[in-house]
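Quick caveat: nothing in here was measured; it's all calculated off a predicted structure. Reminder, nothing fancy here: chain letters follow the sequence lines and each chain counts from 1.
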There are 2 protein chains.
Amino acid sequence: MLEARVKQAAVLKKLLDAIKELVTDGNLDCTDEGIALQAMDNSHVALVSLKLVAEQFESYRCDRNMPLGVNLTSLTKILKCAKDQDVVTLKAPDDADSLGLVFESPKEDRVGEYEMKLMDIDQEHLGIPDTQYDATITMSSSEFQRICRDLAALGESVKIEASKEGVRFSSEGEVGNGSVLLKQSAGTDRSAGSSSKKAVKRDPDEEDEEEIEEDEKPEIDDEEGEDEQDDEDRSKKRKSNGKSKTAKKAKKDESTSEDIGVSIILEKQVSLTFSLKYLTNFAKSAPLAREVSLHMSNDVPLLVQFDFEQGTLQFFLAPKVGWGLILTNIHAD
Amino acid sequence: MLEARVKQAAVLKKLLDAIKELVTDGNLDCTDEGIALQAMDNSHVALVSLKLVAEQFESYRCDRNMPLGVNLTSLTKILKCAKDQDVVTLKAPDDADSLGLVFESPKEDRVGEYEMKLMDIDQEHLGIPDTQYDATITMSSSEFQRICRDLAALGESVKIEASKEGVRFSSEGEVGNGSVLLKQSAGTDRSAGSSSKKAVKRDPDEEDEEEIEEDEKPEIDDEEGEDEQDDEDRSKKRKSNGKSKTAKKAKKDESTSEDIGVSIILEKQVSLTFSLKYLTNFAKSAPLAREVSLHMSNDVPLLVQFDFEQGTLQFFLAPKVGWGLILTNIHAD
DNA sequence: CACCCCTCTA
DNA sequence: TAGAGGGGTG
């Protein structure tokens, strides 16, 4: 059976808001390591991979692996019945054909119990290669969202160019062209460092527990050993490692993106073009995490990753291969 | 070439929000005196006249006169890509077929560069007569907006009656009739005074200071020598000249209409009826200026004027000549 | 393209 | 609790 207890319904709500427009149905793969969901988006262009790690639940028990086929639209509806601070307990017996959800108010004076029908979904579990990316950009998630929204007003796709100096997002369209250049924050230049060669490790937790140190963050390793409840420091610690200088006071009315800064880990310059429709959708996850990281290599799907307290949400999107790019490749041969 | 630098994108955004629903295309007439835009609204009922004076730009350079035909919808879209505090630089070479816009974050860690296609627009430059109005009402712009919005819920047009005692806005409709009477603030009665014969002033407040003409603005800055660079205090201080009672702490974000009061300069009583649809549109400029002035003479187009730090925005609208009014006129003979 | 509703922030 | 901004619908 499964019994997983989440401290705050809010995180589940945000998660569903983040992915429900991309994916309508999916299997919640429950194991003793946690709950994962992996699915192609409805048009089979993007891949969504969510992982909620067992240790980050208030309590977690899963006796055996269970794929729970859920309709995310339904789940969203039911989660709307929970207040943000409610404690949520997910329950499913081993032979479940439905998922139970219990919402308890913090004062324990209200209990909501819901049951959602499950469905059978053919498991197309995709192996996500543990890619080594040429460029990893970490930035404010709200700034990322802002840029995607802005450029989406101009054109349908965005070219992302990462160099040591910064990252440029540019788009072209009928009304005109536009580009946004974010300069790398001072003191965060870690390009060409050996650490930059590490692969992304956040999601494939299982695969490389030891390799966790894409930017020399020993503390993160600690958490694996004794990650009781200090989990919420997890993401913060990581941030403070990378950019202590961003600790300035936060001017609230400027969407606080200022005090996060941009860090670029660059193995090789990259220039890739993506559909803004999808990126805008990915960016809806901004409420989940202050930071987002973009992982890119030429001709390889982009990985957009949000790390939050309870786990990780990843989006993969293949670059647009327009005529320009094809010609480029031909000539490059 | 043109290169004009604006300290805060916010003012441009507000300007476009203010006029984009009335005018979709127009020429930005750039001269060494500044940037002007004059256009009939899309249904050729109202006239919009915007003037941004060169001196109020952070820097301004315009080598020769250039009419830049812009689509205001496109310009609005591009301005949405700027944050409110961004520094905006408008650029156009002499033979430009596009307008460049550069948005720089205050911290200079983000640069947005946009290019907007220009269009050829037949210049129908209208001479606006320097009319002497029988009545000039100065009031809180947000109060004006509120009244227009309220009355628009009742009827399609509003009758504005200005007398020495105050100004009455009234409307009639299916659900009922309504009127708002604003009494003139104490101490501002200047009707039949010689000053009331002056032509439209940029900022009627200045009339309180005897004879300060609209072109002598620079001196106003001087006399307030203590406000170093914070030009944004300028307009506030000016107000405090005219009505010291408004000198209280100016809470900027809540445009408290209360402490602005109503002043009426009356040469002759007027009673005119206007389409609320248009007035409501004009009133959208409220974020630009704390005050608005309404200039009226019987049977002459209304002038609604907003004076802000960088310039002036004027709207002209012919009165409705409904049967009621025609009959009135006939009987008046 | 405009209008209305909902959500988030102040 | 009210206002502003963003998203969605007609």
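Residues meeting the side-chain hydrogen bond (donor to acceptor under 3.5 Å, both in side chains) test with A:Gln8, sequence neighbours left out: none.
When rounded to the nearest whole Å, the span between NZ of B:Lys20 and C1' of C:dC3 equals 13 Å. Spacing between atom NZ of B:Lys83 and atom C1' of D:dA4 amounts to 17 Å, rounded to whole angstrom units. If you take NZ of A:Lys14 and C1' of C:dC8, they are 12 Å apart, rounded to a whole angstrom. Distance B:Leu72 CG to C:dA2 P: 12 Å, rounded to the nearest Å.
Here OG of A:Ser285 is found 11.5 Å from NZ of A:Lys14. Values are rounded to the nearest 0.5 Å. Note: B:Lys117 NZ to B:Leu99 CG = 12.5 Å, rounded to the nearest 0.5 Å.
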Under 3.5 Å, which protein N or O atoms sit close to an N or O of nucleotides 6-8 of chain D? Give each pair with its distance.
| residue | atom | partner | partner atom | Å |
| --- | --- | --- | --- | --- |
| D:dG6 | OP1 | A:Arg149 | NH1 | 3.3 |

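Within 6.0 Å of the CD atom in B:Glu156, the count of heavy atoms belonging to other residues, nucleotides or ligands does not exceed 12.
Under 3.5 Å, the side chains of B:Glu115 and B:Ser98 contain a donor-acceptor pair of N or O atoms.
Under the 30°/60° scheme for interplanar angles, the aromatic rings of A:Phe306 and A:Phe315 are found to stand perpendicular.
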